[in-house]
Amino acid sequence: MDRVKFTAMKDGDKEDYDFLTRHEVACTKGTAARLLDAMVSLE
């Protein structure tokens with residue numbers, strides 16, 4: 001699966017939401033580093 005099958009959240013199924021969850025978890029793991037990088041760039 002490369003992308004979800006829905007255009008409205010209400011139309012998603014378990015497979016779609018499992019796919020999104022995997023990507024969300026991967027993205028949130030880098031949040032602290034992205035915020036620190038943004039703060040440093042403000043200097």
| message | Measuring from atom CG of D11 to atom NZ of K5, what distance do you get when rounded to the nearest 0.5 angstrom? | response | 11.5 Å
| message | Checking K14 now: which residues fulfil salt bridge (charged side-chain N to carboxylate O under 4.0 Å, His left out) with it, not counting sequence neighbours? | response | D18
What donor-acceptor contacts under 3.5 angstrom involve side-chain atoms of residues 31-43, with partners at least two apart or in another chain?
residue: T31; atom: OG1; partner: T28; partner atom: O; Å: 3.1
residue: T31; atom: OG1; partner: R34; partner atom: NH2; Å: 3.2
residue: R34; atom: NH1; partner: C27; partner atom: O; Å: 3.2
residue: R34; atom: NH1; partner: G30; partner atom: O; Å: 3.4
residue: R34; atom: NH2; partner: C27; partner atom: O; Å: 3.2
residue: S41; atom: OG; partner: A38; partner atom: O; Å: 2.7

| Which residue pairs satisfy the ring-ring contact (aromatic ring centres under 6.0 Å, His included) criterion with at least one member in residues 24-43, sequence neighbours excluded? | none
| said: Working to the nearest 0.5 angstrom, can you tell me the gap between R3 CZ and L20 CG? | reply: 12.5 Å
| note | Contacts satisfying ring-ring contact (aromatic ring centres under 6.0 Å, His included) that involve residues 24-43 (not counting sequence neighbours) are none
| query | For the atom pair CG (D16) and CE (M9), what is the distance rounded to the nearest 0.5 Å? | reply | 9.0 Å
| note | In short, ring-ring contact (aromatic ring centres under 6.0 Å, His included) pairs touching residues 22-43 with sequence neighbours left out are F19-H23
| query | Which residue pairs pass the ring-ring contact (aromatic ring centres under 6.0 Å, His included) test with at least one member in residues 24-43, sequence neighbours excluded? | reply | none
